[in-house]
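Input: a single structure, listed below in structure tokens.
Naming convention: chains lettered A, B, ... in sequence-line order (proteins, then strands); numbering from 1 in each chain.
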Number of protein chains: 2
Amino acid sequence: MKPGPSERPALPVNEPRRRPTINDVARLANVSKKTVSRVINQSPFVNKETRERIETVIKDLGYAPDPVARGLASRRSYLVGLIYDNPNPQHVIDTQQGILDIIRGSGLELAIHPCNRRDKDFLSGVRGFIDRQKLAGVILPSSVSEDEDLVAVLREHDTPYIRIASVLLDEPEHSIVTNDSEGARQAAEHLAGLGHRIIAHVSGPDTFRSSHERRRGFVEGLKTADLALDKKLDLRAGYTFQSGVEAGRRLMAMQTRPTAVFCGNDEMAAGVCQAIRETGLDIGKDVSVVGFDDSPLASRMWPALTTVLLPIRASGRMASVRLIGDRLTKEPQEEDRQGEVHPTLVVRASSGPVKA
Amino acid sequence: MKPGPSERPALPVNEPRRRPTINDVARLANVSKKTVSRVINQSPFVNKETRERIETVIKDLGYAPDPVARGLASRRSYLVGLIYDNPNPQHVIDTQQGILDIIRGSGLELAIHPCNRRDKDFLSGVRGFIDRQKLAGVILPSSVSEDEDLVAVLREHDTPYIRIASVLLDEPEHSIVTNDSEGARQAAEHLAGLGHRIIAHVSGPDTFRSSHERRRGFVEGLKTADLALDKKLDLRAGYTFQSGVEAGRRLMAMQTRPTAVFCGNDEMAAGVCQAIRETGLDIGKDVSVVGFDDSPLASRMWPALTTVLLPIRASGRMASVRLIGDRLTKEPQEEDRQGEVHPTLVVRASSGPVKA
DNA sequence: GCGAGCATTGACACCGGTGACAATAAGGGA
DNA sequence: TCCCTTATTGTCACCGGTGTCAATGCTCGC
């Protein structure tokens, strides 16, 4: 906030090296700029020879259309928005990376907008974001994807969006499904297969759909082994390390201690492991622990954590293809055209056969 | 790449609810749009009453200038770019968050551009990014901040930039310093104070300036305790977990085994811990380990890792203030106007007194 | 009373594209 | 041969702001 003496300081601009514009191309190709515009927009209504002539000029000049000008004229920018509310950095990074895998090289850029769904001005912040920038589209990873108010805002602003969610929503064409329950089912079957009968569950907050999905899958998996989830062994925690520690302590203090624990994410699993250690018990021997996410933590812990790998990056790619597939310069991989990913169990040392 | 039958499918637009433009404001305030433009740009050459009248209309209308149009006219967009090449997700997230702390609410957005400095077309990718979008500015966190070619490209395109680096560069006005060596010095003094005399160092790759800075500080700290770094105990690793495991194994196999290890980051420290465990030794008792970064891993490991906390988020805030401080709506905190951050040692269980 | 100088405001072109629609040329059937 | 289509291209306004520079109205010193 310091307006200089003149209205604008005027940077020292090197005039000579100026980016070519559509006018330069038009002049050199001896056509109107509208025709050049058609060529860059892949309009089919351009004569083959004309197109080739223009393409040559474009290449010679090293011309690239200005996304800002295009955005103004077409009332839609070349920015993809990523709105998220996720405390897991790896999850965020993977999602970002997946989106970039796809849009890289297509002239689109990724603008990020972390937020906090519990803030009272959460929605107005998001509204400002999508309204100011006329986003080409928005990707909503798990958690914010469940926010119907947010989705309503996007619809209201005619902003395309894709939701990445743990389970199929009522808008399949706007969704990518991560099938969390499948992973939890595998975890349950794995533990049951190791002979465990008293298996606890530490879940994330009820406000997350993924918490429910993971529990549902887990219960389903138990059922195939003729087991049921004991209500007393079904603990709500907060997806955080500390909440995992506390849940773990409660479990370890029970008279009939569980021989295995399935946790809704790796952070909580690490917390549970800490609580187990405090008790002097051996992880993977006395008590087996299974997490969810396959975060970097899982493989770096000791003993390394058995967990469920969720292909987050792939889900980001799929969401991007679905969102702006028709604007891409390179044809996307077939696998990235799918609408869902499937989790897989990664068995490590934190889970082992039940002690006799 | 599928051009429809018509040149553009034309979305179903809800005409009625249209964003107010500068023209609407001008008409209602009975002035020219240029004067409105002056008001939104805080020009001092506007009569107080006129300004107030216009501000009222702006508020009534809920008018907000269109960043895309502004970008086109002023030849500088409202996008801040973050270019990085860093495998540590927490580091990246913290930097992003720091930048957003500052630009949030000012109409600027953050566009991210991860890259790989070893790619041969790394520079052309970056060039495309900053040239297409006429970025308001670019922030270069540690690692890419050391790339002189990259900086040259930015200068060439008249794009403002701020470098976040471990040590003061020759462009102080474009830099934020993280003083990594200070943290390493504290780590050395901490270990020496615990009575350790045989202290190893596991560093990151030589291609990172931070590796050198951390070593330099470490050596400096040893010196204050009249110790020197034994060349045989100074191992190069790769900032990765696996490289830490390998370095740790080499250290544990030595005939005069070090009683303490200082690692250039937490990932490698976790790897070293794994190697120590494989040997059957006790971390924090037989061998002390100190890391660098205070990543989430550090506090979740067992035993928890003594490490150096680097205020990355704060450095992101400082970089942003320095980059676009004059475009901010809210006055930044005094502390965010600084040009450097200072690391602090976080003592946990992985370091303890040397065994008698 | 008058020109200079400052404060304030406006006119207008332009930033670099796109949309709507007109214009033109070429081909085809009556 | 002539009109109607279809294919291709161009014209022109406009997207929503900013830059340049001129115009206007006042105040002040002499």
Atom-pair distance (CZ on Arg19(B); P on dG16(D)), nearest Å: 9 Å

Tyr63(B) side chain near dG17(D) phosphate (N/O to OP1/OP2, under 4.0 Å): yes

Distance, rounded to the nearest Å, where Ile54(B) contributes CD1 and dG10(C) contributes C1': 12 Å

Sugar-phosphate only, base, or nothing, as touched by Val36(A) at under 4.0 Å among non-hydrogen atoms: nothing

Below 4.0 Å: OP1/OP2 of dG19(D) and any side-chain N or O of Arg38(B): no

Presence of Ser37(A) side-chain N/O under 4.0 Å of dT18(C) phosphate oxygens OP1/OP2: yes

Sugar-phosphate only, base, or nothing, as touched by Val68(A) at under 4.0 Å among non-hydrogen atoms: nothing

Pair Arg53(A)-Asn47(A), side-chain donor/acceptor within less than 3.5 Å: no

Heavy-atom pair with the smallest gap, counting every atom of Pro160(B) and Leu135(B): CD-O, 4.5 Å

N/O (side chain, Asn23(A)) to phosphate O (OP1/OP2, dG16(C)) under 4.0 Å: no

Distance, rounded to the nearest Å, where Asp66(A) contributes CG and dC15(D) contributes P: 18 Å

Within 6.0 Å of CD in Glu49(A), more than 12 heavy atoms from elsewhere: no

Contact under 4.0 Å: Ser32(A) side-chain N or O vs dT11(D) OP1/OP2: no

Whichever of Lys33(A) and Thr50(A) has its nearest DNA chain D nucleotide further upstream toward 5': Thr50(A)

Contact under 4.0 Å: Arg75(A) side-chain N or O vs dC15(D) OP1/OP2: no

For atom CD1 of Ile40(B) and atom P of dG16(D), their distance in whole Å: 13 Å

d(NZ, Lys134(B); P, dG16(C)) in whole Å: 6 Å

Heavy-atom side-chain proximity of Val138(A) to Leu82(A) below 4.5 angstrom: no

Between dA26(C) (P) and Asn47(A) (CG): distance, integer Å: 12 Å

Between P of dG17(C) and CD1 of Ile22(A), the distance in whole Å: 5 Å

N/O (side chain, Ser74(A)) to phosphate O (OP1/OP2, dT18(C)) under 4.0 Å: no

Any donor-acceptor N or O pair under 3.5 Å, side chains Glu171(B), Tyr161(B): yes

Distance in angstrom units between Asp24(B) CG and dG17(D) P, rounded: 9 Å

base_contact_polar (dG17(D) base, Lys34(B) side chain, donor-acceptor, <3.5 Å): no

